[in-house]
There are 2 protein chains.
Amino acid sequence: MALGKDYDYAAQECSIARALEIVGERWTLLVVRDALYGVRRYNDFLVHLKIPRAVLAARLQSLTEAGVLEKRRYQESPPRDEYVPTELGRALWPALRALGLWGRAFNPNARPMRTFHHADCGTELGSYGECRACGRAIDPEDVEMRPGPGLGPAEDPVSRALRAPRRLLQPLENQPQ
Amino acid sequence: MALGKDYDYAAQECSIARALEIVGERWTLLVVRDALYGVRRYNDFLVHLKIPRAVLAARLQSLTEAGVLEKRRYQESPPRDEYVPTELGRALWPALRALGLWGRAFNPNARPMRTFHHADCGTELGSYGECRACGRAIDPEDVEMRPGPGLGPAEDPVSRALRAPRRLLQPLENQPQ
DNA sequence: CAGCTCTGGTTCAGTGAATGAACCTTCCCT
DNA sequence: AGGGAAGGTTCATTCACTGAACCAGAGCTG
């Protein structure tokens with residue numbers, strides 16, 4: 001979503017509008033999604049999202065300023081930073097989950113791309129992010145993501161790494177190719 | 001969100017990206033939000049959202065083509081149409097609810113603008129629109145919206161009408177002023 | 001019947017954001 | 001010395017958003 005630089009719908013007295021001021025721009029929610037999937041590094045976002053470099057830099061910066069991601073130095077020489085979801089970023093999981101569920105409902109005969117399960121018991125999450133077996137909401141740390149039958153072949157290393165069953169927020173291992 | 005005309009992130013194999021193709025543009029989710037609040041008429045959207053006319057026309061058309069809203073003739077002479085959420089549009093309620101709750105979490109010391117309750121029991125809804133007491137998802141038809149302490153004075157008739165406690169999807173009465 | 005209003009648009013010029021390609025810098029490796 | 005990887009910045013072009021103006025059908029008013 002392209003917001004004007006004056007962020008006009010800040011005027012709206014509505015929490016939804018407030019949320020969209022932060023994450024409503026084009027690509028922003030996809031960056032957060034990848035961050036929750038475990039992507040942390042500039043190049044991995046770039047490869048996985050096929051996003052223009054300038055836009056990615058802008059989004060990472062604004063998300064960091066908003067407190068959704070945290071920029072963290074993970075090696076000094078050469079200096080390298082990674083972007084990690086904060087508590088606020090992790091709190092976007094229900095919204096992303098709901099959007100994904102709606103996107104699946106949108107084309108009903110499509111096979112699911114990924115399924116999400118309670119890591120402790122393997123039960124697939126319900127429509128409001130709860131474990132149907134345990135009957136309570138599951139934090140993203142305890143969600144296991146599994147590839148679904150709707151996924152095609154992986155074309156880049158990041159997509160390939162995200163094919164394996166894995167916990168949300170678990171950092172991507174950058175195997176040295 | 002400004003999508004290119006070729007909708008590039010259609011390529012993403014992800015239900016979230018699919019959803020954002022439809023509702024990811026700037027203003028789109030706010031139009032759907034208003035539709036769920038009971039706004040149905042072009043002019044009411046215009047007044048309440050303060051959205052440019054051209055953008056509103058474009059959004060209403062694309063949402064109608066996507067099957068999120070339905071254009072319905074409500075009077076023949078002069079011909080007047082209203083836009084009503086379809087089943088697919090109503091299915092966006094959990095995502096909007098989750099986004100709104102996140103927007104509230106974003107500025108924690110702000111007072112809530114509106115609260116949403118299960119109409120049958122009065123319990124405030126959880127982050128996916130489920131009733132915490134009944135333990136199940138609540139259809140938007142059964143959700144009661146109440147004004148919260150964070151709302152300022154209403155400046156237009158539509159905002160004023162949306163101040164009263166009311167069910168979602170209940171059409172706005174256009175009082176003849 | 002002239003003129004005004006209400007509703008629901010369309011058109012248009014100006015602006016700002018997204019895009020993709022090219023370039024840059026620092027560091028490491030050989 | 002040369003090459004490559006990571007993480008950016010810069011730039012011209014394209015595209016969408018913005019706000020104001022304009023338009024058209026229908027009813028109301030005098």
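Numbered from 1 within each chain, the chains take letters A, B, ... in sequence-line order.
- Residue B:Ala58 is out of contact with every strand shown, counting any heavy-atom pair closer than 4.0 Å.
- If you take CZ of B:Arg80 and P of D:dA26, they are 9 Å apart, rounded to a whole angstrom.
- Mapping A:Val55 and A:Glu76 onto DNA chain C by nearest heavy atom places A:Val55 closer to the 5' end of the strand.
- Rounded to whole Å, the distance from OH on A:Tyr42 to C1' on C:dC24 is 12 Å.
- A close approach under 4.0 Å does occur between a side-chain nitrogen or oxygen of B:Trp27 and OP1 or OP2 of D:dT18.
- Between A:Arg167 and A:Asp142, at least one side-chain N (NZ, or NE/NH1/NH2) sits under 4.0 Å from a carboxylate O, which counts as a salt bridge.
- An OP1 or OP2 oxygen of D:dG8 is reached within less than 4.0 angstrom by a side-chain nitrogen or oxygen of A:Lys71.
- Between A:Ile51 atom CD1 and C:dA17 atom P there is a gap of 16 Å when expressed in whole angstrom units.
- You'll find the ring centres of A:Phe116 and A:Trp93 inside the 6.0 Å limit.
- Between B:Gly122 and B:Arg146 the shortest heavy-atom distance is CA-NH2, 4.0 Å.
- If you find the closest nucleotide of DNA chain C to B:Pro79 and to A:Arg53, the one lying nearer the 5' end belongs to B:Pro79.
- Following rounding to the nearest Å, B:Asn43 (CG) and C:dT5 (C1') show an atom-to-atom distance of 12 Å.
- Rounded to whole Å, the distance from CG on A:Asp81 to C1' on C:dC27 is 14 Å.
- Rounded to whole Å, atom P of C:dA17 lies 17 Å from atom CD of B:Glu25.
- In this structure, CD of A:Gln61 is placed 16 Å from C1' of C:dA18, rounded to the nearest angstrom.
- Applying the 4.0 Å criterion to OP1 and OP2 of C:dT7, one finds that B:Tyr74 has every side-chain N and O outside that range.
- Checked against side chain to side chain donor-acceptor pair (under 3.5 Å), A:Glu155 has no partners two or more places apart in sequence or in another chain.
- Residue B:Arg132 comes nearest to B:Leu125 through the heavy atom pair NH2-O, 3.5 Å, listed as atom of the first residue, atom of the second, then distance.
- Distances shown here put every side-chain N or O of A:Tyr83 at or beyond 4.0 Å from the OP1 or OP2 atom of D:dA6.
- Distance, B:Arg59 CZ to C:dG9 P: 15 Å, rounded to whole Å.
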